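Working notes, beginning with the structure itself.
Scope of the values below: all heavy atoms of this structure, side chains included, with no hydrogens, waters or symmetry mates. These figures come from a predicted structure and were not determined experimentally.
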Amino acid sequence: MLKIKKGDTVRVIAGKDKDKEGKVIAVDAKKNRVTVEGINKVTKHTKPSMANQAGGIIEQEAPIDISNVMYVHKGKATRVGFRMDGDKKVRVAKSTGEVID
């Protein structure tokens, strides 16, 4: 089970976009990668097609490794742990001990 989910706000802690924050758009559990809104922008050259008549150069987000992002809880980056809450497994912010979900 991954510690970061789709919709979480995360801060980048390594790479060219270090210290930027964004919302997680997609999570690839098999490859341990996340796609974050506005982070790791790459240019892609596209041919004209039926969907995109003009073609040209488009900018889009590329996935980054999950180890390079950190969950943001109340404006601060924190590690994430798990705890049993009754019979449910919940995510917990390590810095405050508060339940995230």
Side-chain angles (χ1 to χ4, degrees):
M1 189 172 180
L2 293 176
K3 298 179 176 185
I4 306 249
K5 291 182 179 177
K6 182 178 176 179
D8 285 349
T9 303
V10 292
R11 182 175 295 146
V12 180
I13 56 171
K16 67 176 184 181
D17 290 320
K18 187 175 178 174
D19 293 329
K20 288 186 183 173
E21 286 186 19
K23 191 175 165 191
V24 175
I25 303 168
V27 177
D28 186 351
K30 282 192 173 147
K31 293 182 181 173
N32 274 338
R33 295 178 86 75
V34 290
T35 307
V36 185
E37 209 172 86
I39 304 293
N40 198 22
K41 290 278 221 177
V42 292
T43 54
K44 185 177 178 185
H45 299 258
T46 56
K47 275 183 160 178
S49 64
M50 293 304 285
N52 184 10
Q53 297 279 320
I57 301 169
I58 57 166
E59 255 199 359
Q60 64 185 33
E61 291 99 352
I64 58 174
D65 201 88
I66 204 160
S67 65
N68 293 336
V69 297
M70 222 171 169
Y71 182 81
V72 174
H73 182 68
K74 294 185 178 173
K76 279 190 168 178
T78 179
R79 291 181 294 148
V80 177
F82 291 99
R83 186 186 328 160
M84 292 303 288
D85 194 23
D87 56 350
K88 274 184 76 177
K89 187 177 180 181
V90 293
R91 291 191 303 166
V92 175
K94 290 269 190 175
S95 60
T96 59
E98 292 177 38
V99 174
I100 294 167
D101 303 320

Reported [atom1]-to-[atom2] distance for the pair [X] and [Y], which is rounded to 0.5 angstrom:
{"X": "E21", "Y": "I39", "atom1": "CD", "atom2": "CD1", "answer": "9.0 Å"}
{"X": "K3", "Y": "R91", "atom1": "NZ", "atom2": "CZ", "answer": "11.0 Å"}
{"X": "N68", "Y": "N32", "atom1": "CG", "atom2": "CG", "answer": "11.5 Å"}
{"X": "H45", "Y": "I57", "atom1": "NE2", "atom2": "CD1", "answer": "4.5 Å"}

[X] side chain to [Y] backbone, donor-acceptor under 3.5 Å:
{"X": "D8", "Y": "V10", "result": "no"}
{"X": "T46", "Y": "G56", "result": "yes"}
{"X": "R83", "Y": "V99", "result": "no"}

Are [X] and [Y] linked, directly or through other ILVMFWY residues, by side chains that come within less than 4.5 angstrom of each other?
{"X": "L2", "Y": "V12", "result": "yes"}
{"X": "V92", "Y": "Y71", "result": "no"}
{"X": "I66", "Y": "I100", "result": "yes"}
{"X": "V27", "Y": "V80", "result": "yes"}

Validation row: N40, T35 side chains within 4.5 angstrom (heavy atoms): no

Just wondering, do Q60 and V42 contact through their side chains at under 4.5 Å, heavy atoms? yes

Mind listing the closest non-hydrogen atom pair of [X] and [Y] along with its distance?
{"X": "A54", "Y": "P48", "value": "O-CG, 3.8 Å"}
{"X": "I25", "Y": "V36", "value": "CD1-C, 4.0 Å"}
{"X": "I13", "Y": "K18", "value": "O-CE, 3.7 Å"}
{"X": "E59", "Y": "K41", "value": "OE1-CE, 4.0 Å"}
{"X": "P63", "Y": "R33", "value": "O-NH2, 3.3 Å"}
{"X": "T78", "Y": "H73", "value": "CG2-CB, 3.6 Å"}

Between V34 and I64, is a side-chain contact (heavy atoms from CB on, under 4.5 Å) present by the stated rule, with each step listed? CA-CA 6 Å; V34 290; I64 58 174; 4.2 Å; yes

Heavy-atom neighbours of K16 NZ exceed 12 at 6.0 Å: yes

